[in-house]
Amino acid sequence: MTRQAIALAIFERVSGISRREAKRLTDCVIDEMVETLVSGETLKLHDFGSFVVREKHERAGRNPRTGAPVAIDARRVVVFKASPNMKASINGEAPAPGGKPKRARKRAPEKDSSGSSSDDRHAIERTLVKA
């Protein structure tokens with residue numbers, strides 16, 4: 001699939017958008033994805049997959065035709081890992097409902113108007129009582 005095919009699909013699915021706007025939108029999204037990867041960040045698209053930038057170190061290789069040793073320079077590469085739902089869709093299976101169960105997160109201590117949390121105040125009070 002090409003950029004032009006993506007832009008055409010957007011044009012056909014979204015009413016009230018011109019072909020030119022669909023192309024601009026496609027280019028804008030792809031440019032943002034590239035900028036994210038160039039900066040070294042991981043790009044995660046829900047139910048699609050993750051793009052990760054990996055560092056490859058310099059290493060020794062061989063020319064397959066002559067067998068002569070060749071130095072392979074250090075470089076950065078982009079690795080894609082498909083999400084479980086993407087893999088299921090490709091294999092003709094139903095995507096997992098809801099995915100993995102989420103773990104409960106600790107709540108951050110509530111801050112009062114002075115900017116300190118109630119946990120901070122209790123710790124200070126305990127310290128003062130001990131003294």
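Sequential numbering from 1 along the given sequence is applied to the chain's residues.
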Please give me the minimum heavy-atom distance between [X] and [Y], naming the atom from each residue.
X	Y	result
D47	S83	C-OG, 3.3 Å
A22	A7	CB-O, 3.3 Å
T42	T36	O-CG2, 4.3 Å
A88	A94	CB-O, 4.0 Å
I17	I10	CG2-O, 4.2 Å
T26	R3	CG2-O, 3.9 Å

Reported [atom1]-to-[atom2] distance for the pair [X] and [Y], which is rounded to 0.5 angstrom:
X	Y	atom1	atom2	answer
R75	I72	CZ	CD1	6.5 Å
M86	N91	CE	CG	11.5 Å
H46	N85	NE2	CG	7.0 Å
M1	L8	CE	CG	8.5 Å
D73	R59	CG	CZ	11.0 Å

Do side-chain atoms of [X] reach the backbone of [Y] as a donor and acceptor pair under 3.5 angstrom?
X	Y	value
E21	S18	yes
N63	R65	yes
R76	E55	no

(message) When you group the ILVMFWY residues by side-chain heavy-atom contacts below 4.5 Å and let the links chain together, are V78 and L43 in the same group?
(response) yes
(message) Applying a strict under-4.5 Å side-chain criterion to I, L, V, M, F, W and Y, I'd like to know whether V14 and I6 cluster together.
(response) yes
Is the closest side-chain heavy-atom distance between [X] and [Y] below 4.5 Å?
X	Y	result
D31	V34	no
M33	L45	yes
V52	R54	yes

(message) If the condition is ring pair (Phe, Tyr, Trp, His ring centres under 6.0 Å), which residues does F51 pass it with, not counting sequence neighbours?
(response) F80
(request) Using the test side-chain hydrogen bond (donor to acceptor under 3.5 Å, both in side chains), find all partners of E41 that sit at least two apart in sequence or belong to another chain. (result) S39
(request) Check salt bridge (charged side-chain N to carboxylate O under 4.0 Å, His left out) between E58 and all other residues, then give those that pass, not counting sequence neighbours. (result) none
